[in-house]
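The structure appears below as structure tokens.
We number each residue from 1, following the sequence as shown.
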Amino acid sequence: MLFSFSVKLAESKTGSGSVFLRIKMSEEVRVRFAPSPTGFFHIGSARTALFNWLYAKHTGGKFILRIEDTDKERNTQESLDVIMDGMKWLGMDWDEGPGVGGNYGPYYQSQRDDIYRQYLEILRSKGRAYDKDGAVFFKVSGQKQVLHDAVYGDVERLEEKDFPIFRSNGTPVFHFVNVVDDICMRITNVIRGQDHLTNTNKHIELFKAFDAPMPKFAHIPLILKSDGKGKMSKRDRGALVEEYRQKNFLPEAVRNYLCMLGWNPKNDREIMGLPEIVELFDFGGIVKSNARFDERKMAHFNTEHLRALEPDKFCQLAQAALAEAGIGVDLSDPYTKAALLLCQPKVTDMENFAPLASFFFSEDFPYDQLSKEKTFRKGDPMARLAELSELFDKTDKFDVDSLHDSIGALAESRGVKPSEYFPILRYSLTGLSGGPDLLPMLSVMGAQRVRTRTKRALAELSK
């Protein structure tokens, strides 16, 4: 439902006639993310964008991307591309903004000078703006302002001093353009970091000076360094979204973890898919205390999401990871798919996936020295391997149940536990001391591969 009204704010002193502020009120939620393209895509910025995006999805509203690019000396197209690519990678599409358009643009502040000048004239005509030392200052009301914040409750502050809204070089100040853009773009909810809480008093003053509808505010907790000492910055380890993309993290895992930095779904769960997060996300779950970034926990989220992937998607990621290591595999081959899916429950990350699975696809694999020391630590592994090689020559039944029974019978005949065969068997087949479940691995490899590899190990490990 939409309804609109016009307010005649003042007669223009420039001779251009009356200036009107046309405001369309809407029950539709409209939120925005307004980054400055001056660096990389920081975890904190990504979390702010995500909270706005989730709230728009939760309410069926609109998510607007607005670029604060008035700092011409520091803004770069490369930085903007990094931000937008990172948002797209995380699955955050925008309803209005660069590349999409919309009815309330331009969406670059650098293209909105005429709008800012018009709004400045509104303040001048109301006696709320004046020149001083080459700059333009906003005259505060002298009254206490109450911020009704969705997270921190009512916050009362008095803005005692007039503050600049245009610099001496003629460029507008953040506080001014931020409010003007929110008015023009009909933003209903402002969701941003707690460090902006002290700015909001200035913004309330400006909204009231324009007789504009006040958006609802929600200030979200800061993200601290892993040691809890200070706000996380772009120089801190793990602070940039690009790092996780380069490490082949799943975007849904990064997105899920970022949700939990300052939000509690109140269902005793952390690992969740997007539909559930969208359904649950609301201001009531945002906590006041600052969040502490934990890169190991982020990695845990990634592991859990990898292990829960649909088989076909996991195989595609695994194929790409192996290709980066110079190993080409064919997903149409049933053996390939079975081998990759056997690795899925054991995967921790795709960056190190190749060593977990490469032995499936080559007979020329190395024997890891540390794994050898672990395997040969006790017992008589070479004797056990010789017994296994003889057993495998006598049987063609390589399903899991048959392998379990035949190795069990062998162990009983030798007066040892079946577990004494497993370390050397795994090592002879993979060159490692850990990996996919052993008997299913033998079944996937098949009789011929298993026989060939146990004989190779008997020959090479006896030297």
Side-chain angles (χ1 to χ4, degrees), residues 30-57 61-116 166-167 169-187 189-193 195-196 199 220 222-223 231-236 238-249 251-252 254-255 258 261:
R30 290 176 60 82
V31 297
R32 47 71 168 176
F33 173 55
S36 298
T38 57
F40 299 96
F41 195 27
H42 183 264
I43 285 291
S45 298
R47 195 273 310 260
T48 298
L50 181 59
F51 276 26
N52 277 276
W53 184 84
L54 286 172
Y55 190 64
K57 296 298 180 184
K62 292 291 192 296
F63 174 62
I64 294 92
L65 177 61
R66 186 173 79 212
I67 308 302
E68 296 187 348
D69 61 341
T70 55
D71 189 344
K72 296 179 181 179
E73 292 183 0
R74 297 178 60 209
N75 295 331
T76 67
Q77 184 62 43
E78 181 183 6
S79 295
L80 179 57
D81 291 342
V82 167
I83 292 170
M84 293 198 294
D85 289 346
M87 291 177 68
K88 291 175 183 177
W89 180 70
L90 287 169
M92 289 188 280
D93 54 328
W94 48 95
D95 301 293
E96 298 174 26
V100 176
N103 296 326
Y104 306 103
Y107 294 94
Y108 293 87
Q109 285 186 344
S110 60
Q111 300 172 13
R112 297 175 62 83
D113 286 346
D114 290 345
I115 296 171
Y116 300 142
F166 274 76
R167 302 177 184 88
N169 64 4
T171 60
V173 172
F174 162 79
H175 304 298
F176 178 79
V177 295
N178 192 272
V179 169
V180 170
D181 288 347
D182 283 347
I183 294 171
C184 293
M185 296 179 186
R186 296 162 186 175
I187 301 303
N189 297 79
V190 173
I191 306 169
R192 58 189 179 190
D195 50 342
H196 285 288
N199 294 333
I220 57 182
L222 301 180
I223 300 177
K231 180 183 174 182
M232 196 172 188
S233 75
K234 64 183 180 182
R235 292 176 294 276
D236 295 315
L240 305 180
V241 172
E242 302 94 275
E243 295 181 35
Y244 300 100
R245 193 174 181 181
Q246 292 167 2
K247 292 178 180 178
N248 291 324
F249 271 57
E252 52 264 48
V254 177
R255 186 175 58 212
L258 290 179
L261 291 176

What distance do I187 atom CD1 and I64 atom CD1 have between them, rounded to the nearest 0.5 Å? 4.0 Å
Side-chain contact test, heavy atoms from C-beta onward, threshold under 4.5 Å: evaluate it for Y104 versus K62 and give yes or no. no
If you define the side chain from C-beta out and look only at heavy atoms, does anything of V179 sit under 4.5 Å from H175? no
If the condition is side-chain hydrogen bond (donor to acceptor under 3.5 Å, both in side chains), which residues does K57 pass it with, not counting sequence neighbours? none
In Å, rounded to the nearest 0.5 Å, how long is the span from CG of L65 to OH of Y108? 8.0 Å
Residues in side-chain hydrogen bond (donor to acceptor under 3.5 Å, both in side chains) with N103, at least two apart? none
What residues form a side chain to side chain contact (heavy atoms under 4.5 Å, CB included) with N189, not counting sequence neighbours? V29, V31, Y55, K216, F283
Please test M92 against F33 for side-chain contact (heavy atoms from CB on, under 4.5 Å), starting from the C-alpha separation and ending with a verdict. CA-CA 11 Å; M92 289 188 280; F33 173 55; over 6 Å; no
Those residues that, when tested against R245, pass salt bridge (charged side-chain N to carboxylate O under 4.0 Å, His left out) (two or more places apart): none
From CA spacing to verdict: side-chain contact (heavy atoms from CB on, under 4.5 Å), N178, R32: CA-CA 11 Å; N178 192 272; R32 47 71 168 176; 3.1 Å; yes
Apply side-chain hydrogen bond (donor to acceptor under 3.5 Å, both in side chains) to N199 and list each qualifying residue two or more places apart in sequence or on a separate chain. H196
Only counting residues at least two apart or in another chain, list the ones meeting salt bridge (charged side-chain N to carboxylate O under 4.0 Å, His left out) with R112. D181
Would L80 and I67 satisfy side-chain contact (heavy atoms from CB on, under 4.5 Å), going step by step from the backbone distance to the final call? CA-CA 8 Å; L80 179 57; I67 308 302; 3.6 Å; yes
Does a side-chain heavy-atom distance below 4.5 Å link D182 with V190? yes
Taking only residues two or more places apart in sequence or in another chain, which ones pass side chain to side chain contact (heavy atoms under 4.5 Å, CB included) with D114? none
Got a sec, which residues hit side-chain hydrogen bond (donor to acceptor under 3.5 Å, both in side chains) with N52, two or more places apart in sequence or on another chain? none
Could you check whether atom CZ of R74 has more than 12 heavy atoms from other residues, nucleotides or ligands sitting under 6.0 Å from it? no
Test: side-chain hydrogen bond (donor to acceptor under 3.5 Å, both in side chains). Region: residues 81-98. Which pairs qualify, not counting sequence neighbours? R30-E96, W53-D93, Q77-D81, E96-Y107
So how far is it from Q109 CD to T171 OG1, rounded to the nearest 0.5 Å? 11.0 Å
Could you list the donor-acceptor pairs under 3.5 angstrom formed between side-chain atoms of residues 35-47 and any protein atom two or more places apart in sequence or on another chain?
residue: S36; atom: OG; partner: E68; partner atom: O; Å: 3.3
residue: H42; atom: ND1; partner: G44; partner atom: N; Å: 2.7
residue: H42; atom: NE2; partner: M232; partner atom: O; Å: 3.4
residue: R47; atom: NH1; partner: P221; partner atom: O; Å: 3.3
residue: R47; atom: NH1; partner: L261; partner atom: O; Å: 2.5
residue: R47; atom: NH2; partner: P221; partner atom: O; Å: 2.4

For the student: nearest non-hydrogen atoms of S79 and T76, plus distance: OG-OG1, 2.8 Å
Looking at residues at least two apart in the chain, or sitting in another chain, which of them share a ring pair (Phe, Tyr, Trp, His ring centres under 6.0 Å) with F166? F176
